[in-house]
Amino acid sequence: MEVVIVPDRSAGGAVAGGAIAALISRQPDAVLGLATGSSPEPVYADLVARHQAGGLSARRAQAFLLDEYVGLPPGHPQSYRAVIERAVTSRLDFRSQSVRGPDGNADDLLAACATYDAQIVAAGGVDVQLLGIGSDGHIGFNEPGSSLGSRTRLKTLTSRTRADNARFFGGDTAAVPSHVITQGVGTILTARHLVLVAWGEEKADAVARCVEGPITAMVPASALQLHPHATVVVDEAAAARLALAGYFRETWAAKPSWQGL
Ligand code: F6R
């Protein structure tokens with residue numbers, strides 16, 4: 001696993017955005033895995049800036065969302081589909097039919113989960129999957145205890161995650177749906193490159209457990225240690241509890257620029 005420690009989230013957005021832009025440039029029909037929440041915002045801002053500067057087109061790319069709330073009315077501003085459209089896909093030149101997410105309003109939610117995994121496979125798999133990390137170590141909405149082999153499925157959010165996400169629902173934890181569809185940890189591990197971004201001291205403990213702790217279902221993000229190409233981009237505050245921070249700084253400083261992430 002490569003860990004890149006940057007001075008702030010804007011610099012981290014440029015590092016992760018640069019890697020995604022480089023992928024699209026060498027492979028215009030790349031399949032991107034998009035996460036929601038506040039962590040990817042600097043990455044999306046970087047991609048939008050590159051697009052506006054004329055250096056990046058997502059016209060031929062495809063995108064798959066990581067997860068979706070169950071039961072929010074279609075078009076609800078906090079549905080992950082709507083958030084992703086606002087933050088990135090409508091601001092790049094993605095074709096709308098090329099952006100897919102789990103259907104949190106399907107009559108048959110279990111069938112919708114299986115269909116979603118099949119769509120990812122049919123698209124040839126995800127080339128780069130962007131991830132945030134929950135303060136409890138979740139990725140996607142795979143809460144602690146999630147099987148590390150899990151596939152897209154229905155999950156119940158913990159009260160901690162609902163409280164964390166209440167800020168998107170006017171501070172009202174009760175308004176945060178209790179159920180979600182999320183790509184499983186096993187689904188996420190099928191992506192060819194995983195890029196997890198985390199900022200701020202409130203993520204420092206989860207980042208340390210993801211990178212340096214034991215691989216355990218109690219910290220779903222620790223499954224990244226099993227992946228042959230996983231990159232963790234963190235600011236100084238989120239890196240604060242990494243025992244190997246000095247080594248990670250040395251390896252990044254010594255890395256040839258042609259190598260990319
Ligand atoms: C969102 C997602 C979640 C978030 C995580 C961190 O699609 O999959 O795992 O990445 O809850 O959320 P933020 O970035 O808002 O701190």
Side-chain angles (χ1 to χ4, degrees), residues 8-10 12-13 16 32-45 63-70 72 76-89 99-102 104 113 116 120 126 128-146 148 150-169 171 173 176-189 191 194-207 209-210 217 219-224 230-235 237-238:
D8 54 42
R9 63 187 72 198
S10 159
L32 310 185
L34 302 179
T36 323
S38 46
S39 305
E41 285 170 1
V43 184
Y44 297 148
F64 285 91
L65 275 59
L66 198 48
D67 40 18
E68 182 57 278
Y69 289 117
V70 167
L72 285 182
H76 188 288
Q78 290 310 326
S79 78
Y80 278 2
R81 183 58 190 242
V83 171
I84 284 286
E85 263 174 38
R86 274 199 308 276
V88 59
T89 57
V99 180
R100 278 170 282 190
C113 295
Y116 195 59
I120 293 173
V126 169
V128 62
Q129 176 65 57
L130 190 58
L131 298 165
I133 184 170
S135 55
D136 61 3
H138 71 236
I139 49 172
F141 274 135
N142 296 283
E143 297 284 28
S146 292
L148 301 186
S150 52
R151 299 287 157 166
T152 299
R153 70 215 182 292
L154 193 57
K155 288 292 285 183
T156 307
L157 294 181
T158 61
S159 48
R160 179 174 175 180
T161 300
R162 292 180 74 211
D164 281 350
N165 286 5
R167 67 193 193 280
F168 298 116
F169 290 82
T173 303
V176 182
S178 53
H179 290 92
V180 293
I181 293 178
T182 181
Q183 287 189 32
V185 180
T187 315
I188 292 168
L189 291 177
L194 304 180
V195 179
L196 184 147
V197 296
W199 330 114
E201 62 183 356
E202 63 279 11
K203 297 293 174 73
D205 184 52
V207 166
R209 297 206 295 152
C210 160
V219 183
S222 66
L224 265 69
T231 309
V232 173
V233 182
V234 286
D235 65 3

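Numbers for residues simply follow the sequence, beginning at 1. All heavy atoms count here, side chains included; hydrogens, waters and symmetry mates do not. Just so you know, ligand 1 is whichever comes first in the structure, and atom 1 is the first atom listed for that ligand.
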Enquirer: Atoms of ligand 1 less than 4.0 Å from G132 heavy atoms?
Expert: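 Close to G132: 10 (O).
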
Enquirer: For atom 5 (C) of ligand 1, what is the closest protein heavy atom, and at what distance to 0.1 Å?
Expert: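 Checked against all protein heavy atoms, atom 5 (C) of ligand 1 sits closest to H138 NE2, 3.3 Å.
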
Enquirer: With a cut-off of 4.0 Å, which atoms of ligand 1 are near a heavy atom of K203?
Expert: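 Once the distances to K203 are compared, the set is 6 (C), 13 (P), 16 (O).
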
Enquirer: Using a 4.0 Å heavy-atom cut-off, which part of I133 comes near ligand 1: side chain, backbone, both, or neither?
Expert: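 For I133, the contact with ligand 1 is made by the backbone alone.
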
Enquirer: With heavy atoms of L66 as the reference, note each atom of ligand 1 found under 4.0 Å away.
Expert: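 Reading through ligand 1 atom by atom, the close ones are 8 (O).
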
Enquirer: Passes side chain to side chain contact (heavy atoms under 4.5 Å, CB included), R162 versus S178? Steps please.
Expert: CA-CA 7 Å; R162 292 180 74 211; S178 53; 4.0 Å; yes

Enquirer: Who passes salt bridge (Lys or Arg N to Asp or Glu O under 4.0 Å) against E85, sequence neighbours left out?
Expert: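 Only R81 meet the salt bridge (Lys or Arg N to Asp or Glu O under 4.0 Å) criterion with E85.
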
Enquirer: Using a 4.0 Å cut-off to any heavy atom of G37, which atoms of ligand 1 qualify?
Expert: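 Answer for ligand 1: 14 (O), 15 (O).
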
Enquirer: What do we get for R167 next to ligand 1 when only non-hydrogen atoms under 4.0 Å count, side chain, backbone, both or neither?
Expert: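 R167 to ligand 1: side-chain contact only, backbone stays beyond 4.0 Å.
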
Enquirer: Looking only at distance, does I139 have an N or O less than 3.5 Å from an N or O of ligand 1?
Expert: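 No.
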
Enquirer: Carefully, step by step, assess Y69 and F168 under the rule ring-ring contact (aromatic ring centres under 6.0 Å, His included).
Expert: CA-CA 13 Å; Y69 289 117; F168 298 116; 8.9 Å; no

Enquirer: Looking at atom 14 (O) of ligand 1, what's its closest protein heavy atom, distance included?
Expert: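 Of the protein heavy atoms, S39 OG, 2.5 Å lies nearest.
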
Enquirer: Does any N or O in the side chain of K203 come within less than 3.5 Å of the main-chain N or O of I133, such that one atom is a donor and the other an acceptor?
Expert: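 The answer is yes, because a donor-acceptor pair under 3.5 Å joins these two groups.
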
Enquirer: Identify, by atom number and element, the atoms of ligand 1 in contact range of G140, meaning under 4.0 Å from any of its heavy atoms.
Expert: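 Close to G140: 2 (C), 3 (C), 8 (O), 9 (O).
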
Enquirer: Does the N or O separation between N165 and ligand 1 drop below 3.5 Å for any pair?
Expert: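 N165 vs ligand 1: no N/O contact under 3.5 Å.
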
Enquirer: Kindly write out the residues that satisfy side-chain contact (heavy atoms from CB on, under 4.5 Å) with A45, not counting sequence neighbours, or none if the list is empty.
Expert: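 Result, side-chain contact (heavy atoms from CB on, under 4.5 Å) vs A45: none returned.
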
Enquirer: If you measure every N or O of Y80 against every N or O of ligand 1, does any of those distances drop under 3.5 Å?
Expert: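 Checking ligand 1 against Y80, no N or O pair falls under 3.5 Å apart.
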
Enquirer: Answer with side chain, backbone, both or neither: which part of T36 has a heavy atom less than 4.0 angstrom from an atom of ligand 1?
Expert: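 Near ligand 1, T36 shows its backbone as well as its side chain.
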
Enquirer: For the residue pair Q129 and L189, establish whether any side-chain heavy-atom pair is separated by less than 4.5 Å.
Expert: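 With C-beta onward as the side chain, the pair stays apart.
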
Enquirer: If you define the side chain from C-beta out and look only at heavy atoms, does anything of I139 sit under 4.5 Å from P220?
Expert: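 Side-chain contact under 4.5 Å: yes.
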
Enquirer: Report yes if some heavy atom in the side chain of Q78 is under 4.5 Å from a heavy atom in the side chain of V83; otherwise report no.
Expert: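 Side-chain contact under 4.5 Å: yes.
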
Enquirer: May I ask you to list the atoms of ligand 1 that are less than 4.0 angstrom from any heavy atom of D67?
Expert: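 By the 4.0 Å cutoff, the relevant atoms are 1 (C), 2 (C), 7 (O), 8 (O).
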
